[in-house]
There are 2 protein chains.
Amino acid sequence: MGARRRAKRGVTIVDVAEALGVAPSTVSNALHDKDIVAPRTKARIMAMAKAMNYEASAAARALVTRQSSSVGVILPDFANPVFNEIISGLNSILVPAGYATLVASTANDGRTCKAAIHAFVKRDVDAIVVISQCLDIEETAQLAGCGLPVVLVHRTPADWQTTHAPSSTFDYVGMDNTGGVYALVRHLADLGHRRIGFITGPKQSSAACERTRGFRDGVAALGLDAAPELVADGSYDFIAGMRGARELLSLPQRPTAVIAANDLMAFGTMDVAQQMGLSVPKDLSIVGVDDVFFSAFPMISLTTARQPATEIGESVGERLLERFSDEALSPIAVTLPVEIIVRHSTAEAPSRVDPGSPLSTDNLEAYLASRWKPSTIIVA
Amino acid sequence: MGARRRAKRGVTIVDVAEALGVAPSTVSNALHDKDIVAPRTKARIMAMAKAMNYEASAAARALVTRQSSSVGVILPDFANPVFNEIISGLNSILVPAGYATLVASTANDGRTCKAAIHAFVKRDVDAIVVISQCLDIEETAQLAGCGLPVVLVHRTPADWQTTHAPSSTFDYVGMDNTGGVYALVRHLADLGHRRIGFITGPKQSSAACERTRGFRDGVAALGLDAAPELVADGSYDFIAGMRGARELLSLPQRPTAVIAANDLMAFGTMDVAQQMGLSVPKDLSIVGVDDVFFSAFPMISLTTARQPATEIGESVGERLLERFSDEALSPIAVTLPVEIIVRHSTAEAPSRVDPGSPLSTDNLEAYLASRWKPSTIIVA
DNA sequence: TTGAAAGCGCTACCAT
DNA sequence: ATGGTAGCGCTTTCAA
């Protein structure tokens with residue numbers, strides 16, 4: 001029960017007009033740099049506006065134009081640092097153009113996702129950017145129904161999955177997952193590896209499927225060992241990496257290299273290798289995809305295919321700006337190239353394959369409990 | 001140029017009113033759950049609004065109320081994952097209350113910061129949250145001048161630095177930096193460490209200063225070795241951690257434990273220890289502050305004082321909601337407790353102090369170049 | 001080239 | 001308890 005009202009009477013366009021004895025519409029036109037305003041008048045108006053410290057009210061403008069100069073970004077969660085990079089790239093384009101970014105997390109939950117879309121539409125965002133591992137049919141329909149420009153990041157719409165061609169009304173920006181992993185396979189093949197293991201990402205993710213395809217394509221094209229047991233199912237997190245690595249490295253004839261569909265799983269693989277007494281990269285080469293911050297750390301020094309996150313954000317921003325100036329544009333798909341960053345987790349294939357010591361703990365959960373969990377928490 | 005206009009004629013409050021034969025103001029009142037509306041009328045209106053799929057226009061409401069139901073968050077940069085956690089916590093409170101979050105990064109630049117504040121004010125944000133290592137006088141004044149509620153995170157206003165008491169008009173939410181590091185010192189002292197090194201954060205950061213104070217207080221209170229050479233200057237990044245660690249571990253009588261003012265520097269310390277052939281935690285105990293995601297990784301397993309990032313965000317959100325319902329509230333300072341997460345980077349002090357092998361490279365830059373940089377970049 | 005006026009959709013005030 | 005109505009600050013016809 002308090003004083004809610006905000007005084008904050010700002011300088012309005014009418015104030016500027018009166019100060020100059022001109023009409024508000026003329027001021028509006030001048031501010032928008034319309035050519036119909038006489039250069040002299042325009043100059044006077046601009047000067048006065050600056051002098052009076054005039055700030056256009058975003059709300060008033062939005063009310064009449066039905067455009068809020070803002071875009072909504074939907075993230076699956078706030079935990080993954082890569083999303084920051086994407087937003088950073090996006091903002092670097094959008095902010096100078098006068099747009100603001102609204103963010104919401106779906107917390108990987110469909111209901112929350114729909115609520116977020118709702119909230120954005122209500123706020124008249126000019127576009128919605130969805131960075132998501134998965135987007136179900138219903139959510140897609142809702143997005144399509146709101147009639148706003150939509151850009152999908154890292155996620156091809158469901159109807160592309162088979163045709164691999166844009167048939168939806170959404171723009172798409174992503175990275176060359178297939179080509180990136182393919183290049184990783186070639187890098188390892190060049191080092192003499194013939195038997196390479198792969199840990200996949202979650203199957204619902206189109207990007208993860210592309211990465212798996214890159215692996216299969218590479219193995220086939222380069223004539224490497226294509227035994228089915230060399231592909232282990234994963235899900236993009238550290239523990240899945242450990243599980244996959246245990247599976248792969250316990251094989252009777254273990255691979256000399258492992259490609260994880262993302263860096264986090266590569267870290268899990270490193271941990272398992274260490275537990276088995278396998279030296280990386282001497283005994284085992286390990287690579288990932290994404291190039292998260294920690295991959296560059298000397299203790300890790302992971303060879304990986306870099307996700308061009310900032311560039312993805314920039315690309316989304318640029319596409320949006322294009323779309324804002326011409327709504328009739330037909331949807332496009334942008335696939336950004338990836339680079340292979342070679343660090344110290346890859347080396348020539350060993351001449352003799354050391355099987356490594358069998359894992360001390362058979363029970364992964366118990367193992368994790370001892371390795372992962374803190375032993376104590378002290379409340380300061 | 002292209003077709004800019006958006007059709008999207010939505011259902012308005014007047015539409016709902018006409019459909020029911022009531023006045024728009026009554027609909028408005030009903031929607032706001034005002035008590036003056038008769039329960040039956042209210043029910044009819046709610047039902048019709050839902051049936052017609054009515055969505056209030058945020059812009060129109062903002063125009064008349066001068067409140068946008070949105071808050072602006074200013075981050076120093078998008079790189080640090082901890083900010084995501086804070087925003088996540090903030091959103092978890094604000095979004096259910098009908099608020100949206102606008103984010104902007106200052107890219108650690110004063111001009112950009114001011115521009116961001118500007119853009120937020122123009123958009124009639126209801127409050128500004130500043131998460132920043134440093135905020136100069138000018139920026140502070142600008143913030144104060146815009147007459148909006150401001151919450152400072154992790155940064156006490158300049159005028160608190162000496163008095164250590166809230167005299168500014170800003171709310172503050174942070175963590176118990178001093179107490180956290182103090183607890184870390186005690187943890188190490190309990191393990192028998194008497195000679196502990198400390199790598200500081202940047203001096204402009206009030207939080208970093210508090211961490212240093214926690215170290216000095218702990219050392220003094222527990223009667224540990226307070227030699228001045230045990231404190232090395234750092235700046236919160238990995239390389240600063242390496243520099244500080246080289247300094248500390250090259251001391252004629254090296255410390256048996258190192259506290260880094262944040263986890264990143266602790267990682268740098270780990271790397272240097274490894275290079276010197278020092279085993280962690282057998283020969284050297286290492287601790288950090290923050291508990292970033294990677295600190296929990298088995299390969300790292302860093303003992304650290306956890307930054308309660310999510311809780312900080314929630315606390316900011318709750319404070320904001322309080323302030324929105326009562327503007328007259330006097331500013332408060334919230335200091336959240338920290339927990340010490342004990343992992344595997346700390347152990348009992350060694351009975352005999354192994355000096356470790358001297359560092360192979362005297363030139364830090366060359367050393368970093370070999371350790372940090374990728375050897376090759378392949379364009380896929 | 002400039003001005004006058006009509007709203008955008010909502011809330012808030014005052015009258016009923 | 002409900003209805004009428006006047007704006008919020010801007011853009012956008014249309015007239016001058």
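In the text below, chain A, chain B and the rest are named by the order of the sequence lines, each starting its count at 1.
Summarising the geometry, the separation between CZ on A:Arg123 and P on C:dG9 is reported as 18 Å, rounded to the nearest angstrom. Taking atom CG of A:Asp124 as the reference point, atom C1' of C:dG9 lies 10 Å away to the nearest angstrom. One can place CZ of A:Arg61 at 14 Å from C1' of D:dT12, the figure rounded to the nearest angstrom. Between the CG atom of B:Asp15 and the P atom of C:dG9 there is a distance of 8 Å, rounded to whole Å. As rounded to whole Å, 17 Å separates atom P of D:dC10 from atom CD of A:Gln67. Distance, B:Glu18 CD to C:dC10 P: 12 Å, rounded to whole Å. Across the protein-nucleic acid pair, B:Lys122 atom NZ and D:dG9 atom P stand 16 Å apart, rounded to whole Å. Separating the CG atom of B:Leu63 from the C1' atom of D:dC8 is a distance of 4 Å, rounded to the nearest angstrom.
For the side-chain contact (heavy atoms from CB on, under 4.5 Å) with A:Ile74, the lone residue among A:Val150, A:Ile131, A:Thr106 that qualifies is A:Thr106.
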Under 3.5 Å, which donor-acceptor pairs do the side chains of residues 50-63 of chain B form with other protein atoms, sequence neighbours left out?
| unit_1 | atom_1 | unit_2 | atom_2 | d |
| --- | --- | --- | --- | --- |
| B:Glu55 | OE2 | A:His118 | NE2 | 2.5 |
| B:Ser57 | OG | B:Ala59 | N | 3.4 |
| B:Ser57 | OG | B:Ala60 | N | 3.1 |

Identify each donor-acceptor pair in which a side-chain atom of residues 18-41 of chain B lies under 3.5 Å from a protein atom, sequence neighbours left out, and give them as a table.
| unit_1 | atom_1 | unit_2 | atom_2 | d |
| --- | --- | --- | --- | --- |
| B:Asn29 | ND2 | B:Ser25 | O | 3.3 |
| B:Asp33 | OD1 | B:Lys42 | NZ | 3.0 |

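A:Ser88 is linked by a side chain to side chain donor-acceptor pair (under 3.5 Å) to nothing, counting only residues two or more places apart in sequence or in another chain. In this view, A:Ser92 satisfies the side chain to side chain donor-acceptor pair (under 3.5 Å) rule with no residue, not counting sequence neighbours. Qualifying side chain to side chain donor-acceptor pair (under 3.5 Å) partners for B:Arg123, counting only residues two or more places apart in sequence or in other chains: none. For the side chain to side chain donor-acceptor pair (under 3.5 Å) test, residues two or more places apart in sequence or in another chain that qualify with A:Glu311 are A:Arg306. Every side-chain contact (heavy atoms from CB on, under 4.5 Å) that B:Val334 has, sequence neighbours left out, goes to B:Val173, B:Ser315, B:Ile332, B:Leu336.
Among all heavy-atom pairs drawn from B:Ala127 and B:Leu320, the shortest one is CB-CD1, 3.9 Å.
DNA chain C is contacted by B:Ser25, B:Ser28, B:His32 of residues 22-50 of chain B, taking any non-hydrogen atom closer than 4.0 Å.
Axis angle between the ends of the helix from C:dT1-D:dA16 to C:dT16-D:dA1, five pairs each and rounded to 10 degrees, works out to 40°.
The side chain of A:Arg66 contributes an N or O atom lying less than 4.0 Å from OP1 or OP2 of C:dG9.
At a threshold of 4.0 angstrom between heavy atoms, the contacts of B:Ala62 with the nucleic acid are absent.
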